**Q** 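Okay, here's the structure, questions in a sec.
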Amino acid sequence: MEDGGVWALRLHPVHQIRIRICDLSSINEIKSFTTRFSSMNKPLHVLVNNAGFLEHKRVTTPEGLELNFAVNVAATYTLTELVMPLLEKAAPDARVITVSSGGMYTEPLNNNLEYRESDFDGTKQYARNKRVQVALTEWWSEKYSNKGIGFYSMHPGWADTPGVSKSLPGLSEKLSGNLRSNEEGADTVVWLALQPMDKLVAGAFYFDRAEAQKHLKFAGTAASHAQIGSIVDSIRSICGLQPPMRR
Ligand SMILES: NC(=O)c1ccc[n+]([C@@H]2O[C@H](COP(=O)([O-])OP(=O)(O)OC[C@H]3O[C@@H](n4cnc5c(N)ncnc54)[C@H](OP(=O)(O)O)[C@@H]3O)[C@@H](O)[C@H]2O)c1
């Protein structure tokens, strides 16, 4: 399967790909999607939380959520929690891979999840969201440590995608010709999905097939991870999820 350092996906004709569409900016849609998906009662081996979004203006969804937060945080949390019983069916080899970003290095965890300050800054909000994903991954890993589910977050590197050219045109232009291909960006995701679990570090942040630091020296972000418990409570309340059951 490995091809020049990049994983290439070649499916045998007996493998079937089924596509289901869900608007991840809507908590209600995620809830109906997971209800339908769960009714198949099949083990879920790998969940990749890849969908990501950067909107520069402060926009609210019809459900009243700030849009970046809705897609990057509320959806990641709600979808993962609601499919947890299916992941448990695939234990001890189930995993959740959340595609975060190196952009998170600049921001500590912040309990102002929907960025209610008047000086809304979409890039900063995106970085805050990506920090939440890294801290959530750590939190899940501790909370569900006995469930046989591996939780990992990762940075794909800067890749030439429609999202980057639309939301970060300056970066796209500056790095023109040096951005990664889609395959290179996806490489560590596929690698994390295929590695034996005992070779991976639970709750870790990965970059280029290796564990990477979650905090830069002197960035002052490390202590903020202590807030993750209360942040999870806030996300659950915003998303209308019941308090976590004792597992
Ligand atoms: N590219 C990079 O350099 C880079 C760097 C760091 C991190 N990342 C992360 O990598 C991930 C993929 O980003 P990308 O660069 O490939 O961005 P992209 O080209 O904009 O792709 C984003 C993906 O998210 C999906 N998505 C967005 N909003 C959605 C919604 N409301 N419901 C369902 N799906 C939705 C999009 O689906 P549609 O196509 O249907 O809209 C698309 O498949 C993101 O989490 C991003 O934060 C990317």
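Numbers here are sequence positions counted from 1. Keep in mind the model is a prediction, meaning the values are calculated, not measured. Ligands are counted one by one from 1 in listed order, and the atoms in each one are counted from 1 as well.
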**Q** Quick check on Arg180 - does any of its heavy atoms sit under 4.0 Å from an atom of ligand 1?
**A**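 Distance cut 4.0 Å: Arg180 fails for ligand 1.
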**Q** Leu109 and Tyr105: same hydrophobic cluster, using ILVMFWY side-chain contacts below 4.5 Å?
**A** no
**Q** Kindly indicate whether the side chain of Ile238, heavy atoms from C-beta on, has any atom under 4.5 Å from the side chain of Leu65.
**A**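 Yes, their side chains come closer than 4.5 Å.
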**Q** Counting only heavy atoms, tell me which of Asn50, Thr76, Asn129, Leu175 gets closest to atom 44 (C) of ligand 1.
**A** Asn50
**Q** Can you tell me the protein heavy atom closest to atom 7 (C) of ligand 1 and the distance?
**A**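 Nearest protein contact, heavy atoms only, for atom 7 (C) of ligand 1 is Ser100 O, 3.1 Å.
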**Q** Could you establish whether Pro162 and ligand 1 come within less than 4.0 Å of each other, counting only heavy atoms on the residue side?
**A** yes
**Q** Do Glu107 and Arg128 sit within salt-bridge range, that is, some charged N less than 4.0 Å from a carboxylate O?
**A** yes
**Q** Hydrophobic clustering (ILVMFWY, side-chain heavy atoms < 4.5 Å, transitive) - are Tyr77 and Val96 grouped together?
**A**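 As far as the 4.5 Å side-chain criterion goes, Tyr77 and Val96 are connected within one cluster.
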**Q** Under 4.0 Å, heavy-atom basis, I'd like to know which part of His155 is in contact with ligand 1: side chain, backbone, both or neither.
**A** side chain
**Q** Number the atoms of ligand 1 from 1 as they appear, then name those within less than 4.0 Å of a heavy atom of Trp158, with their elements.
**A**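 The list of qualifying atoms is 3 (O), 5 (C), 6 (C).
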**Q** Quick check on Glu173: does its CD atom have over 12 non-hydrogen neighbours (other residues, nucleotides or ligands) under 6.0 Å away?
**A** no
**Q** What residues form a side-chain contact (heavy atoms from CB on, under 4.5 Å) with Lys199, not counting sequence neighbours?
**A**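 Here the qualifying residues are Gln195, Pro196.
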**Q** What do you reckon, does Ser101 have a nitrogen or oxygen under 3.5 Å from a nitrogen or oxygen of ligand 1?
**A**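 The answer is no, given that Ser101 and ligand 1 share no N or O pair closer than 3.5 Å.
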**Q** So which protein heavy atom does atom 8 (N) of ligand 1 come closest to, and at what separation?
**A** Pro156 CG, 3.6 Å
**Q** Going by the order shown, which atoms of ligand 1 are within less than 4.0 Å of some heavy atom of Val164?
**A** 1 (N), 2 (C), 3 (O)
**Q** Any idea which atoms of ligand 1 are less than 4.0 Å away from a heavy-atom of Asp23?
**A**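 The atoms of ligand 1 under 4.0 Å from a heavy atom of Asp23 are 30 (C), 31 (N), 32 (N).
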**Q** Ligand 1 and Ala159, any nitrogen or oxygen pair closer than 3.5 angstrom?
**A**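 For ligand 1, there is an N or O atom that lies under 3.5 Å from one belonging to Ala159.
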**Q** If you take the nearest heavy atom of each of Ala75, Gly52, Gly163, Ser25, which one is closest to atom 22 (C) of ligand 1?
**A** Gly52
**Q** Tell me whether Leu241 shares a hydrophobic cluster with Ile235, the cluster being built from Ile, Leu, Val, Met, Phe, Trp, Tyr side chains joined at under 4.5 Å.
**A** yes
**Q** Tell me the nearest of Leu171, Thr161, Leu179 to atom 15 (O) of ligand 1, using heavy-atom distances.
**A** Thr161
**Q** Would you say Cys22 touches ligand 1, if touching means a heavy atom closer than 4.0 Å?
**A**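 Yes, that is the case, since the closest heavy atom of the residue is under 4.0 Å from the ligand.
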**Q** Report, in ascending order of atom number, the atoms of ligand 1 lying under 4.0 Å from any heavy atom of Gly157.
**A** 2 (C), 3 (O), 4 (C), 5 (C)
**Q** Counting only N and O atoms by type, is there a donor-acceptor contact under 3.5 Å from the side chain of Ser26 to the main-chain atoms of Asp23?
**A** no
**Q** With side chains defined as the heavy atoms from C-beta onward, is the minimum distance between Arg95 and His45 less than 4.5 Å?
**A**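 No - every pair of side-chain heavy atoms lies 4.5 Å or more apart.
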**Q** Are Arg18 and Gln16 linked by a side-chain donor-acceptor pair shorter than 3.5 Å?
**A** yes
**Q** Which option wins on minimum heavy-atom distance to atom 29 (C) of ligand 1: Val99, Val71, Ile21, Leu168?
**A** Val71
**Q** For atom 32 (N) of ligand 1, what is the closest protein heavy atom, and at what distance to 0.1 Å?
**A**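 Residue, atom and distance for the closest contact: Leu24 N, 2.8 Å.
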**Q** Protein heavy atoms: any of them under 4.0 Å from atom 3 (O) of ligand 1?
**A** yes
